[in-house]
Amino acid sequence: MVDKRRSVVLADVDSMYVSAERIFNVGLNRRPVVVLSNNDGCVVARSKEAKALEIGMGEPWFKVRTRPSCRDVVALSSNYELYGDFSSRLATLCGQLAPRVEPYSIDECFLEFPAGEALDAAVCARERSARWLGLPVTVGIGRTKTLAKIATNHAKDSGIGVFSIDALSRAERAELLASIPVGEVWGIGGRLSARLAAHGVTTAKALADLDPGWVRRAYTIVVERTVRELQGVSCIPLTEQPAPRRSIMHCRHLGQPATKQDEVAAAASAFAQAVSAKLRRLDLAVPAVTVMLSTGGFGTGPPHHAQATQGFPVPLNAAGQLATTAARLARGAWRPGHRYKRVGVLASDLVQARRAQSLWPDDPRHDKLAAVLDTITARHGRDLAGYGRSGIRGPSGWDWRMRQEMRTPRFTTRWDELPVVS
DNA sequence: TCTGGGGTCCTAGGACCC
DNA sequence: TCTGGGGTCCTAGGACCC
């Protein structure tokens with residue numbers, strides 16, 4: 001009898017950011033390496049050697065760097081352009097192997113196969129990724145996405161490259177699920193695991209043994225789906241065609257807190273131009289823009305948030321209009337006496353740009369100007385040219401730009417940053 | 001001194017209508 | 001004293017993911 005069932009394969013790059021950095025710098029091999037978030041704030045990726053030093057995910061770098069045990073750790077600023085490029089190479093590689101592929105995140109790809117073909121394909125994906133891209137990949141196989149996630153985590157924990165949860169007997173599978181804390185199940189975060197624990201549910205097995213109908217009434221449909229997926233019933237299908245973007249946000253901690261109205265306006269204007277560039281690249285337009293200011297929660301006193309929204313008569317994506325509007329909104333939302341640490345510009349309810357009209361429909365110079373500014377920004381960064389005073393450092397020396405002092409070159413996407421072999 | 005950024009989906013509750 | 005019901009739309013907030 002032909003087995004018509006499907007298997008989900010998850011290909012997950014080991015320490016993606018560190019692995020991408022190591023491709024161009026073999027000196028990083030076998031050393032503890034971490035990659036930092038924007039502003040060089042937190043640790044967002046760790047090599048195996050760094051994990052062994054008990055450096056936690058999300059730990060602030062300024063704390064880690066002072067530990068005696070971490071003296072020899074190499075820290076790098078994140079180079080998203082490099083990681084994004086390797087991410088799309090991995091997706092391409094997977095696409096050549098599988099009839100159906102969903103690039104899920106910057107370091108993960110779901111593939112779907114008829115059940116009998118999954119294991120060979122998984123081995124092949126791992127070999128090709130290592131040989132063709134230089135990226136180490138761990139692969140997990142299961143009947144559903146949630147089970148494939150569990151298989152991948154188990155493969156990583158036990159140091160094997162490929163693992164299929166489908167290959168286990170019923171008893172072995174129960175044993176594996178019983179060894180996994182419920183909070184490690186995909187879709188179950190800190191809040192839900194605390195609530196589940198109150199019901200006596202502390203392992204993946206206990207979650208899988210619940211009645212889905214009860215879970216739906218006691219929790220939500222999201223948790224119900226997770227329970228069914230653990231039981232082997234697929235509820236979260238592969239989505240080959242990503243759903244259209246609903247929102248685009250550009251939100252940053254400022255390199256230095258802003259206290260002046262001009263300062264928040266300058267940052268909002270600059271971020272709006274970044275949003276505009278992304279909108280135009282995706283051929284989207286936005287019917288309203290929101291600016292958010294906040295003081296951040298680590299100082300003394302409660303954090304202060306302010307936000308303001310402005311709608312447009314027709315959806316648009318022009319950099320000049322978005323920048324002017326965002327600057328005005330920021331001025332309006334600003335209140336004296338606060339140290340603003342974070343500014344965000346949000347474009348939501350996005351629509352196709354072709355269906356929208358520009359408020360400046362007849363002047364092609366605006367499109368040309370925007371294109372030129374995008375080129376300058378891409379090549380030289382945001383502080384050289386822009387609308388308003390966004391890019392220019394204030395007279396007081398205030399500088400909102402993020403710190404990124406340890407970024408490697410964008411080897412594969414910039415001609416002038418190509419690696420040189422001598 | 002120094003603590004990321006960018007998304008999605010779901011639910012509850014209020015406003016409003018007939 | 002007694003005080004509809006059902007539907008839709010919108011928003012804020014919660015929870016999760018990487």
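From a predicted model like this one, the values you see are computed outputs, not experimental measurements. Letters go in sequence order (proteins before strands), and every chain restarts at 1.
Under the side-chain hydrogen bond (donor to acceptor under 3.5 Å, both in side chains) criterion, A:E184 pairs with no residue at all, not counting sequence neighbours. Residues passing the side-chain hydrogen bond (donor to acceptor under 3.5 Å, both in side chains) test with A:R22 are A:E49, sequence neighbours excluded. Partners of A:C70 under the side-chain contact (heavy atoms from CB on, under 4.5 Å) rule, at least two apart in sequence or in another chain, are A:I55, A:V64, A:R67, A:V73. Residues meeting the side-chain contact (heavy atoms from CB on, under 4.5 Å) test with A:T239, sequence neighbours left out: A:E102. Every residue was checked against the salt bridge (Lys or Arg N to Asp or Glu O under 4.0 Å) condition with A:R126, not counting sequence neighbours, and none meets it. For A:F411, the ring pair (Phe, Tyr, Trp, His ring centres under 6.0 Å) partners at least two apart in sequence or on another chain are A:F24. The side-chain hydrogen bond (donor to acceptor under 3.5 Å, both in side chains) check on A:D166 picks up A:S7, with sequence neighbours excluded. Residues passing the side-chain hydrogen bond (donor to acceptor under 3.5 Å, both in side chains) test with A:Y17, sequence neighbours excluded: none.
Place A:K278 and A:R225 on DNA chain B by their nearest nucleotides, and A:K278 ends up nearer the 5' end.
Residue A:V185 is classed as a sugar-phosphate contact, given heavy-atom separations below 4.0 Å to backbone atoms only. Across all strands, A:S247 comes closer than 4.0 Å only to sugar-phosphate atoms, never to a base (heavy-atom distances). Among the heavy atoms of the strands, none lies under 4.0 Å from A:L36.
For DNA chain C, each stem of at least three Watson-Crick or G-U pairs (distances under 3.5 Å) is given as range with range: B:5-18 with C:5-18.
The ring pair (Phe, Tyr, Trp, His ring centres under 6.0 Å) contacts involving residues 124-166 of chain A comprise A:H154-A:F163, where partners must be two or more places apart or lie in separate chains.
Interface residues of residues 58-74 of chain A facing DNA chain B, ordered by number: A:P60, A:F62; criterion, heavy-atom separation under 4.0 Å.
Taking atom P in both C:dC18 and B:dT3, the straight-line distance is 25 Å, to the nearest Å.
Counting heavy atoms from C-beta on, the side chains of A:N38 and A:H253 never come closer than 4.5 Å. Taking the side chain as every heavy atom from C-beta outward, A:V275 and A:V289 never approach each other to under 4.5 Å.
Close approach of DNA chain C to chain A, defined as any atom under 4.0 Å from a non-hydrogen atom of the protein, starts and stops at C:dA15 to C:dC18.
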